[in-house]
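Numbers restart at 1 for each chain; the letters A, B, ... are given by sequence-line order, proteins then strands. Predicted model, so just to flag it, every value in this text is computed and none were measured.
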Amino acid sequence: MNALPPPCPERELLLHGLADGELDAANALAIEGHLRSCEGCAKLYAEILRHKKIVNDPALRFHATPRLRANILSAMAEVETSVAAPQTGQIIPLIEPRRWSMAAAAFSALALAASLILFVSSPVGTPAIDGELAAAHVRSLLAAHLTDVTSTDRHTVKPWFLGKLGYAPPVIDLKPDDYPLIGGRLDYIDGQPVAAIVYKRRGHIINLFVRPIGHVKSTSETINGYQILSWTRGGFDYSAVSDLDMPGLRQFQHDLDSALP
Amino acid sequence: MDKEQQARRAWLNSSSRQTGASAASQGERSVVFEAAVLVHLDAAYTLARYLTRRGDAAEDIVQEALLRAYRGFESQSVTNARAWLMAIVRNCFLTWKERSGQNSEMIGFDDVLQYSEVLQNDSETPETILIGRQAARRMRTLIEALPEPFREVLVLRDIEDLSYREIAEIADIPIGTVMSRLARARRMFATAWKGSEFEVPEGKLP
């Protein structure tokens with residue numbers, strides 16, 4: 001019998017945290033170092049990664065029927081007509097948004113305590129630009145102005161940009177199953193027109209802003225629940241903005257970087 | 001916090017200028033809601049499905065949750081619409097459970113095999129083909145058989161990709177509890193999966 005040693009019980013949660021991209025750099029490094037010397041933990045880690053891959057399959061999600069969506073939309077319209085009456089009734093939502101923000105504020109104290117272990121966004125060099133990026137992302141969702149050119153074909157999107165900007169950003173067909181291309185849009189950041197390429201990841205919209213090099217440092221930042229990841233590669237500055245969580249956005253960056261020429 | 005809210009208000013103002021001030025505020029509100037909240041309908045439905053294990057109840061809960069969200073929706077103060085919606089879905093589920101007197105834990109973890117019969121006629125999505133219908137149905141069943149507190153974190157983390165922090169807010173538990181429940185949920189799932197017929201993964205979780 002050549003039995004493997006069992007994984008270290010005190011490291012189990014850290015292994016899950018590492019697999020989920022939730023550890024800060026110091027803890028991630030420490031546990032990665034440990035994995036090289038502990039067969040039991042390495043095996044458990046591999047199991048966790050495999051589990052995540054299996055359970056993350058889209059087939060395990062459910063889809064709302066068009067009927068349910070239609071019911072919700074018509075119920076929303078009814079709310080509007082009843083609210084339109086001069087004396088609006090007392091409407092008490094189950095969780096008021098304001099309470100939710102308060103809960104989030106109270107929670108940040110907890111998060112602070114947990115940040116000894118968990119991943120914490122690093123401070124950013126250019127907060128104003130990050131704010132603009134987040135604002136542009138929000139506008140693209142709110143103003144029914146997600147794309148100027150709607151196409152899943154990069155050969156349509158790229159030339160369209162060339163005609164509008166002084167440059168043609170790389171438009172990558174990125175694993176169409178994982179990140180379908182939605183289209184492209186012209187946006188304004190830092191007073192300059194920039195290319196915004198729109199991808200989707202499950203329910204999340206990812207706005208990828210691409211500018212000629214010279215604007216961003218490599219940063220990650222969270223503003224009002226939107227994650228912003230900026231980096232430079234091959235003569236362009238990239239900023240990905242989404243409500244996708246940071247590990248998900250880093251995976252997007254990784255997949256994009258691997259696909260870029 | 002105040003600063004953030006001001007910034008958010010500023011974006012929304014600038015966005016309404018861009019969409020044209022002629023848009024009626026009501027119409028605009030519903031458009032904003034659709035873009036910010038209703039886009040997460042499938043995520044809400046998936047959570048409700050796994051919590052209730054019933055399609056009809058899940059639809060009722062999701063409809064109720066979206067309506068409550070819409071009534072309480074103030075775009076300025078919702079900072080993470082998806083997590084917010086998920087928290088409302090979870091609350092609606094708890095209300096439903098109480099009202100229907102449903103003891104959702106009546107189906108024990110040991111009854112996985114019998115329970116899988118129930119799902120035989122479940123609807124299929126085109127995506128099911130990816131991992132094979134049998135396997136997908138089987139896995140859904142295994143997840144549904146997990147005790148509620150563990151099922152909840154597994155669905156939120158592994159299927160819906162929410163962060164530990166978001167899950168802690170939604171389920172109203174400390175992050176440390178999210179982590180320990182998630183580890184245990186994955187262990188339970190792995191054990192059950194190993195015991196299920198269709199595939200035996202090599203190795204095992206302790």
Side-chain angles (χ1 to χ4, degrees), chain A residues 6-7 12-13 16-17 20 22 43-44 47-48 50-52 54-64 68-69 71-72 75-76 79-80 84 91 93-98 100-101 103-105 107 110-111 114 118 131 135 138-139 141-145 202-203 224-225 243-246 248, chain B residues 1 4 7-8 11 15 18-19 26 30-32 35-36 39-43 45-46 49 59 62-63 66-68 70-74 77-80 82 84 87-88 91-92 125 127-128 130-131 136 139-140 158-159 161-165 169 174-175 179-180 182-183 186 190 203 205-206:
Chain A
E12 189 191 355
L13 296 189
H16 286 274
D20 289 328
E22 298 257 4
K43 191 164 167 57
L44 174 56
E47 290 288 347
I48 295 169
R50 190 162 57 192
H51 161 90
K52 278 172 63 75
I54 290 165
V55 178
N56 205 235
D57 195 291
L60 295 188
R61 304 193 86 214
F62 291 94
H63 298 273
L68 175 60
R69 180 181 291 271
N71 286 349
I72 290 167
M76 278 166 55
V79 170
E80 284 302 352
I91 293 160
L94 197 62
I95 300 180
E96 294 167 52
R98 199 163 288 127
W100 173 256
S101 330
F107 183 79
L110 273 178
L118 301 174
V138 172
R139 272 201 306 274
L141 301 178
L142 299 189
H145 183 219
R202 298 238 183 84
N224 286 8
D243 62 347
L244 195 62
D245 65 7
M246 195 52 90
Chain B
M1 205 67 193
E4 270 183 21
R8 176 129 189 138
W11 309 342
S15 82
Q18 289 191 0
T19 43
Q26 282 169 25
S30 70
V31 168
V32 170
V39 290
H40 304 300
L41 179 60
D42 280 349
Y45 183 63
T46 298
R49 263 306 283 263
E59 292 211 343
V62 166
Q63 180 158 351
L66 261 303
L67 265 192
R68 286 181 183 211
Y70 187 56
R71 290 195 183 112
F73 183 63
E74 294 171 63
S77 48
V78 177
T79 52
N80 183 340
R82 191 163 69 127
W84 179 59
I88 297 175
N91 269 353
C92 288
T125 68
E127 289 161 330
T128 308
L130 282 184
I131 54 172
M139 271 189 267
R140 286 177 177 184
D158 288 340
I159 297 182
D161 281 336
L162 288 151
S163 68
Y164 288 2
R165 197 183 141 166
E169 288 178 19
I175 283 194
M179 295 172 82
S180 55
L182 181 62
R186 286 173 174 169
L205 287 174

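Atom CG in A/D243 sits 9.5 Å away from atom CG in B/L162 (nearest 0.5 Å). For the atom pair CG (A/D245) and CZ (B/R165), the distance works out to 12.0 Å, reported to the nearest 0.5 Å. With rounding to the nearest 0.5 Å, the separation of CG in B/L66 from CG in A/N71 is 11.0 Å. Note that the NE2 atom of A/H63 and the CZ atom of B/R49 stand 11.5 Å from one another [nearest 0.5 Å].
At distances below 3.5 Å, at least one donor-acceptor pair connects side-chain atoms of B/D42 with backbone N or O atoms of A/A64.
In this structure, A/L68 and B/E59 approach most closely via the heavy-atom pair CD1-O, 3.7 Å. Between A/M76 and B/S30 the shortest heavy-atom distance is CE-CB, 4.0 Å. Across A/L13 and B/A183, no two heavy atoms sit closer than the pair CD2-CB, 3.6 Å. In this structure, B/S163 and A/E22 approach most closely via the heavy-atom pair CA-OE2, 3.4 Å.
Residues B/I159 and A/V55 have side chains in contact (heavy-atom distance under 4.5 Å, counting atoms from C-beta outward). Using a 4.5 Å cut-off on side-chain heavy atoms (C-beta onward), A/N56 and B/D161 make contact. B/R186 is listed as a side-chain neighbour of A/K52, based on a closest heavy-atom distance under 4.5 Å. Taking 4.5 Å as the limit, some side-chain heavy atom of A/H51 sits within range of a side-chain heavy atom of B/D158. Residues B/Y45 and A/R69 fail the side-chain proximity criterion, which asks for heavy atoms closer than 4.5 Å.
Because its NZ or CZ atom is both nearer than 6.0 Å to the ring centre of A/F62 and within 45° of the ring axis, B/R140 counts as a cation-pi partner of that residue.
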